[in-house]
Amino acid sequence: RCTSFLTPHTSVYLAVSRNPVVTKGMSSCLYECLCEAGLERYYTHFTAMGYLRTQELAKLSMNDYSILGVNSMHDRKRLFHLIQIIKAVQEEEHDCSASSGQAQTSSLNLWVEREKTGPRPHLDFVSLSNKGDQLNQDLESDRSAQLLCVNRHQDTGCTLLDSTSPVDQLHTRHFVKEVQRFPEGEDCCSMMFMPNNNSRDSEDIEMPNLHKIIHVSGYNYGLPHSVLRYFCNQVWTDTEKIRVCVRKRPLGAQEERRGEVDIAMVEERKSVLIHERKEAVDLTQYIQQHVFYFDEVFEETCTNYDVYLKTTYPLIQHVFNGGKATCFAYGQTGAGKTHTMIGTSQNPGLYALAAKDLFKELKTSKPGSRLFIWISFYEMYCGQLYDLLNGRKRLFAREDGNHVVQIVELREIKVDGVESLLEVISRGSKGRSTGASGVNTDSSRSHAVIQVQLKDPGDFVVGRISFVDLAGSERAADARDSDKQTKIEGAEINQSLLALKECIRALDQEHAHTPFRQSKLTLVLKDSFIGNSKTCMIANISPSHVATEHTLNTLRYADRVKELKRAVRTSSTNYTGIVRSPSPKRTKETPSKSWGEKTALQKVKLGFPPSHCVAQSAKKPKSTPSVFHPSNVPLSSTPKGADKNHVSQEIPKEIWLGHTTPIKGMFKTGCFGVKKNGGRSNDKISVIKSLLHDFQTEASHIGGRMKYEHKKSQVQEKQSKNQKIQAVYPIQKEIVSRSRICFTDQTNKSDSICKESAAQCLENGLHLHGNRSESIVDMQLLQKERERHLYLYHQQLQQLQQPLLLQQKKHIVQAHCEQLEEMLALFEKEEDLLKKLNISDFKDYVAQLEQIMILKTKCIRNMQGQIHCYQMSPMAAYDG
Ligand SMILES: Nc1ncnc2c1ncn2[C@@H]1O[C@H](COP(=O)(O)OP(=O)(O)OP(=O)(O)O)[C@@H](O)[C@H]1O
């Protein structure tokens with residue numbers, strides 16, 4: 001018994017009762033109104049708050065939304081529009097009654113009853129709230145008609161137009177108001193994402209400006225959108241090595257109670273839109289929208305099973321085919337990593353779902369091929385490994401003769417069914433290191449790895465899938481108020497996550513070198529980065545506005561993991577004239593040269609590169625990209641691969657004008673200190689070559705340059721002494737063993753005994769102590785030992801990082817100087833342009849001016865990118 005009104009373009013509805021009976025009992029009208037808006041589930045909230053009639057909704061301010069429990073952006077938008085319509089109806093009613101001199105009771109119902117009858121059209125509220133673009137289009141297309149209507153309306157005073165129904169006119173007026181208030185291209189609903197709009201009525205709120213940033217890959221570095229990666233893959237392909245997905249969790253009950261607002265919107269399972277509230281220097285508020293694209297984006301309603309089907313399930317067959325697979329859950333603490341990876345017995349995580357399918361597959365596999373499933377479960381805490389299936393026994397990772405990293409004495413358990421597997425893992429989960437962080441009181445402070453291996457009866461590993469529940473990615477800045485231990489943990493976590501990102505990218509881009517030695521995490525997962533391996537990364541995000549910064553950091557991290565791979569490959573398919581680096585590891589068939597490959601020794605001034613320069617640059621051997629310089633992004637001044645047959649065919653030449661910071665200095669390539677000497681032992685030379693290459697590539701990563709120089713001189717020294725050279729691996733951030741740490745202080749015997757027992761305690765795990773008081777003492781000892789261990793670790797880390805940090809700072813300052821130079825050159829150009837301005841040839845002037853503006857923007861973006869890299873680096877956080 002309701003009538004709703006649907007404007008042809010905006011799909012906004014108004015549901016008001018036209019039944020006189022209902023008019024008396026307005027609460028049911030309220031319910032129907034809410035039903036129409038899809039907000040009926042809040043009906044009880046409204047009534048509980050004393051809002052029983054539709055008109056009363058007009059009194060609601062934005063601040064009341066949270067009190068009413070309307071927290072999701074979607075619902076807030078709907079409620080907002082509903083209120084706007086009610087207000088507009090009331091205004092109109094008021095105007096009409098004033099002009100006709102009729103005294104009318106304030107009733108939407110009566111007004112509507114007079115005007116409109118007929119069937120209720122089906123309402124599509126979704127298009128309003130969900131699709132901002134659509135809305136803008138609609139507003140755009142309605143704009144002229146609406147303005148016209150208003151003019152006519154003004155001409156005729158309060159007389160209603162024949163061609164439009166009063167209610168439509170009402171809408172017209174309402175939307176003209178909207179159009180006027182929301183500038184073109186802006187989402188009128190964006191204000192809904194602004195949490196806690198301090199009791200200002202929605203009518204009075206000045207609409208914030210809206211800025212949209214589309215994150216196409218990494219920091220973009222001013223690349224044109226024509227090189228966007230193409231997101232068409234629905235499933236894993238054979239050649240695809242990595243998939244990056246995002247999972248948004250729902251707002252928790254507590255978060256809702258606290259009035260937190262959902263700022264993340266998933267669009268078509270491919271992109272996620274984040275609304276960030278910002279304040280400009282002039283204190284005006286605005287909203288920055290960030291759009292990120294991924295292989296798959298899971299919204300809050302998706303279950304673990306949905307996630308499993310799209311991410312892990314396709315890997316099962318790969319494992320049976322003898323491949324290796326790794327699934328990572330990355331994200332801020334409390335974002336849902338453990339929920340996704342490990343889950344609970346009621347809601348099993350990815351590993352359990354995968355195990356189910358593995359067992360199923362085992363049953364159906366060929367009768368002759370007898371395979372068994374073995375599992376292991378360990379964690380990495382502060383660079384140390386602990387066996388979670390063996391009372392947290394300390395473990396050590398060693399490389400064997402074949403350069404395969406083995407975790408010595410890691411306990412592996414053979415399981416014969418899903419139940420036993422779940423039981424084993426849930427037992428192990430209890431032993432994980434947790435602690436309070438600035439964000440979460442029960443945060444995993446370690447990386448946990450569940451390894452499921454397929455083995456034949458001879459203990460030969462046929463396939464392996466690892467599930468990694470990473471520690472919270474929140475930056476050390478969060479730990480500002482925390483104790484030293486938490487800070488150190490944070491620094492360690494950040495460092496390993498950075499290393500992980502580098503490894504995943506190297507794996508994806510088929511780099512000759514995978515920098516797995518950068519952290520313990522990547523070292524033990526080395527096997528997952530080489531050979532026939534596939535990786536799936538799930539970036540977990542929280543929807544709350546409180547976590548906006550972390551959410552954006554997570555998305556940026558994920559975005560950088562999967563950079564412009566497809567675009568690069570597409571654009572480099574024609575390229576053949578590459579002189580490759582003499583890296584012994586690079587396979588000769590490597591078909592492409594990535595954009596990150598620097599043309600060493602070159603520093604080209606701003607402007608179009610001369611053709612000889614381009615040709616030359618294409619032929620230069622590559623040097624290894626820096627870790628802060630994404631390998632496939634043209635960060636250096638020289639256009640990468642700007643060969644005639646290469647990129648220039650697909651990408652307009654102009655884009656190379658966007659030269660970014662030129663990299664000064666040089667990375668040498670080739671084999672240092674090794675002359676081409678047929679008389680030398682080939683073995684020896686190849687060892688040196690390989691060693692040098694390792695150092696060389698290692699050097700391109702954080703602080704690697706220093707290590708490289710150091711090692712290079714060592715190697716050259718050894719070589720000059722004509723000693724037999726063994727393959728030595730780069731210095732690793734090894735923790736000083738407990739025996740060395742704890743027992744140097746001999747002065748206090750009792751202390752020494754304490755430490756010894758603490759060490760013992762740590763070695764055997766806490767569970768072994770039966771006596772309670774003993775346990776307490778042991779706990780204290782353990783804590784002491786842990787603190788001391790962390791202290792030493794911290795010192796080591798500092799020693800290692802100080803020079804690197806300095807290096808990094810220098811790099812930033814240098815980049816800044818260069819950026820300034822470039823900007824000055826552009827200013828000069830601009831000045832020149834103004835001087836030569838010829839009004840009759842204004843087109844040319846504008847074109848040139850535009851070109852300069854593009855260059856400036858690119859220049860600034862590049863610098864911003866570098867600053868961001870620096871801020872995101874664990875060392876910077878450590879420094880802070
Ligand atoms: N998709 C989801 N659906 C429902 N609840 C979820 C979801 N994801 C996470 N949660 C809930 O959010 C809370 C935090 O999740 P979880 O412990 O998995 O976070 P985390 O990222 O592993 O945190 P930490 O890094 O601190 O260990 C848990 O109570 C969990 O049940």
Side-chain angles (χ1 to χ4, degrees), residues 12-16 25-87 123 125-126 128-130 132 187-205 208 248-266 273-277 287 299-303 334-336 339 439-440 541-548 551:
V12 175
Y13 83 97
L14 172 65
V16 282
M26 293 295 268
S27 59
S28 63
C29 175
L30 172 67
Y31 182 73
E32 300 211 15
C33 256
L34 293 174
C35 284
E36 287 293 332
L39 298 168
E40 66 275 15
R41 65 179 178 284
Y42 301 108
Y43 177 67
T44 49
H45 300 206
F46 281 88
T47 51
M49 294 287 294
Y51 296 99
L52 303 171
R53 298 149 70 95
T54 310
Q55 300 97 307
E56 287 167 358
L57 298 190
K59 293 180 211 155
L60 284 175
S61 72
M62 298 273 293
N63 216 32
D64 297 327
Y65 293 11
S66 305
I67 299 167
L68 286 163
V70 184
N71 289 318
S72 82
M73 283 186 291
H74 187 255
D75 292 348
R76 287 169 81 92
K77 278 195 274 181
R78 283 167 177 258
L79 181 56
F80 175 76
H81 279 279
L82 176 59
I83 292 169
Q84 296 305 309
I85 291 164
I86 291 168
K87 279 182 181 172
L123 303 174
F125 208 87
V126 177
L128 212 181
S129 50
N130 266 357
D187 182 354
C188 65
C189 300
S190 56
M191 64 180 292
M192 309 304 299
F193 311 125
M194 299 176 69
N196 305 329
N197 274 301
N198 304 325
S199 70
R200 294 200 302 171
D201 192 273
S202 54
E203 275 291 320
D204 304 324
I205 289 171
K248 173 192 167 191
R249 72 157 167 79
L251 269 179
Q254 259 193 347
E255 288 169 325
E256 286 200 3
R257 246 177 278 133
R258 287 196 295 260
E260 291 176 24
V261 178
D262 182 343
I263 49 113
M265 283 176 83
V266 175
L273 177 71
I274 304 293
H275 295 82
E276 185 187 18
R277 187 184 184 171
I287 290 185
E299 54 192 352
E300 63 269 39
T301 49
C302 289
T303 60
H339 180 88
V439 186
N440 193 353
I541 56 167
S542 150
S544 169
H545 74 270
V546 175
T548 310
T551 302

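Values below: all heavy atoms of this structure, side chains included; hydrogens, waters and symmetry mates excluded.
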Under the side-chain contact (heavy atoms from CB on, under 4.5 Å) test, residues paired with Arg41 that sit two or more places apart
Asp75
Of the non-hydrogen atoms in Ser66 and Arg76, which two are nearest, and what is the gap between them?
OG-NH1, 3.3 Å
Can you tell if the side chain of Met265 reaches within under 4.5 Å of the side chain of Met73, non-hydrogen atoms only?
yes
Nearest-0.5 Å distance, CD1 of residue Ile263 to OG1 of residue Thr551
5.5 Å
If I take atom CD from residue Glu256 and atom OG from residue Ser72, how far apart are they, to the nearest 0.5 angstrom?
8.0 Å
Could you list the residues that satisfy side chain to side chain donor-acceptor pair (under 3.5 Å) with Tyr51, not counting sequence neighbours?
none
What distance separates Ile86 CD1 from Arg53 CZ, expressed to the nearest 0.5 Å?
12.5 Å
side-chain contact (heavy atoms from CB on, under 4.5 Å) partners of Glu255, counting only residues at least two apart:
Arg249, Leu251, Arg258, Glu260, Ser542, Ser544
Nearest heavy-atom contact between Phe80 and Tyr65 is CA-OH, 3.3 Å
Identify, with sequence neighbours excluded, every residue that meets side-chain contact (heavy atoms from CB on, under 4.5 Å) alongside Glu40.
Tyr31, Cys35
Quick one: pull up NZ in Lys87 and CG in Leu82 and give me the separation to the nearest 0.5 Å.
11.0 Å
Nearest 0.5 Å please: distance from the CD1 atom of Ile67 over to the OG atom of Ser61.
7.0 Å
Donor-acceptor contact below 3.5 Å, side chain Lys248 vs main chain Val266
no
Interatomic spacing from CG in Asn71 to CZ in Arg257 - rounded to 0.5 Å
11.5 Å
Just do the side chain to side chain contact (heavy atoms under 4.5 Å, CB included) check on Asp262 and Glu300 with the steps written out, would you?
CA-CA 11 Å; Asp262 182 343; Glu300 63 269 39; 3.8 Å; yes
Mind checking what makes side-chain contact (heavy atoms from CB on, under 4.5 Å) contact with Glu276, not counting sequence neighbours?
Lys278, Gln288, His290, Thr548, Leu552
Output every pair passing salt bridge (charged side-chain N to carboxylate O under 4.0 Å, His left out) with a member in residues 60-71, not counting sequence neighbours, ordered by first then second residue.
none
For Thr303, which residues count as a side chain to side chain donor-acceptor pair (under 3.5 Å) partner, sequence neighbours excluded?
Asp306
Determine whether Leu60 and Phe46 make a side-chain contact, defined as any pair of heavy atoms from C-beta on separated by less than 4.5 Å.
yes
